[in-house]
Amino acid sequence: MRLALILAGVLFIVQVWVASLLVSDPAGLLAHGDENGTAFYDTAAASGGSRLAHIMSAATAISWGLADTLVAQVAVSRLLYAMARDRQLPSFLARVSVKHSVPANATLFIAALSTVLGVWMSSRKDGVTLLSSLINMGALIAFIVLHVSVIVHYVIRGRSTDLLAHLVTPLVGMAILVFVVINANILAQVLGLIWLGVGVLVLAGLYIAGRRPSSAGFAVLEESR
């Protein structure tokens, strides 16, 4: 997994670096930003014509759009299933299909929600920018919290002595993410704070209702070992 992440990171960095060499007005792009989120395809059109831009767009839709959508839906549906199993979400999301052995309700719920949001955002003039800001900032906030969770779980609770892996590395990763959040546009920051605020309110509601988050799934996994 680490090698795959490193390879993906290197490929993305090289890809963006090559594209940056072909930008006709780098100063203008830095000053005004990429309002439509099409800088990469505009660069392809400038360097290879509209045909190259269309090829890049189609390749992205097929290789990233379809594949990432399927992976994201499977991942999110399993996350909802696990939280519902631990009584952090409504129980109907924890129901598993007997025939297919998958969390059917959670999968259908995510599919319906994604479709509604996609159609709604496509009808807005700023839909692409708003949706991408929501997704990116939501992911950034989630990963910041994830880094904090690693430190709490291993260092504070587990008394881990591997400080490089369980303290230094999470702190470095968290610092990079916080830097990105601070330098993001105002809309993205507002969405990120709303995202985090909703999570805090839900967590507070669970504590008040006596449904404190637990690690039941981890306990089952440890017992199976």
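When hydrophobic clusters are built by joining Ile, Leu, Val, Met, Phe, Trp and Tyr residues whose side-chain heavy atoms come closer than 4.5 Å, directly or via intermediates, L171 is grouped together with I156. In the hydrophobic clustering of this structure, V10 groups with V18; members are Ile, Leu, Val, Met, Phe, Trp, Tyr whose side-chain heavy atoms approach within less than 4.5 Å, directly or through other members. Linking Ile, Leu, Val, Met, Phe, Trp and Tyr whenever their side-chain heavy atoms come within less than 4.5 Å leaves V150 and I176 in two separate clusters. Under the 4.5 Å side-chain heavy-atom criterion for Ile, Leu, Val, Met, Phe, Trp and Tyr, L113 and L89 are members of the same hydrophobic cluster. Using a 4.5 Å cut-off between side-chain heavy atoms of Ile, Leu, Val, Met, Phe, Trp and Tyr, with links allowed through other members, L146 and V180 fall into the same hydrophobic cluster.
Here the closest heavy-atom approach between residue F92 and residue N105 is recorded as O-ND2, 2.8 Å. When all heavy atoms are compared, the tightest approach of G173 to H147 is CA-NE2, 3.7 Å. Annotation for L80 and A106: closest pair CB-CB, 4.2 Å, computed over non-hydrogen atoms. Nearest heavy-atom pair across A104 and S97 is CB-CB, 4.0 Å. Nearest heavy atoms, A45 versus A53: CB-CB, 3.8 Å.
The side-chain heavy atoms of V119 and S123, taken from C-beta on, include no pair separated by under 4.5 Å. Contact annotation: the side chain of Y81 never approaches that of L93 to less than 4.5 Å [non-hydrogen atoms, C-beta and beyond]. At a threshold of 4.5 Å between non-hydrogen side-chain atoms, the residues V155 and R159 do not count as touching. Counting only heavy atoms from C-beta outward, the side chains of V152 and R157 approach each other to under 4.5 Å. Residues M174 and V148 form a side-chain contact, since some pair of their non-hydrogen atoms from C-beta on lies under 4.5 Å apart. Residues V102 and R78 are in side-chain contact: their nearest non-hydrogen atoms beyond the backbone lie under 4.5 Å apart.
In this structure, OG1 on T161 lies 12.0 Å from CG on L167, to the nearest 0.5 angstrom. With rounding to the nearest 0.5 angstrom, the CZ atom of R85 is 14.0 Å from the OG atom of S91. Interatomic distance, F40 CZ to L22 CG, rounded to the nearest 0.5 Å: 9.0 Å. Considering OG1 of T60 and CG of L66, their distance stands at 11.5 Å, rounded to 0.5 Å. We find the OG-CD1 distance between S149 and I144 to be 11.5 Å, quoted to the nearest 0.5 Å. Of the inter-residue distances, the one linking L79 atom CG with I110 atom CD1 reads 8.5 Å to the nearest 0.5 angstrom.
Relative ring orientation between Y154 and H166 is described as parallel, the plane-to-plane angle staying below 30° on a 0-90° scale split at 30° and 60°.
Without hydrogens or angle criteria, S77 side chain to V74 main chain gives a donor-acceptor distance under 3.5 Å. Although no hydrogens or angles enter the test, the distance criterion places no donor-acceptor pair under 3.5 Å between the side chain of S57 and the main chain of H54. For T169 (side chain) and L164 (main-chain N/O), a donor-acceptor pair under 3.5 Å exists by modelled atom type.
Summarising the local packing, CG of L70 is surrounded by more than 12 heavy atoms from other residues, nucleotides or ligands at distances under 6.0 Å. Atom CZ of F179 has 12 or fewer heavy atoms from other residues, nucleotides or ligands within 6.0 Å.
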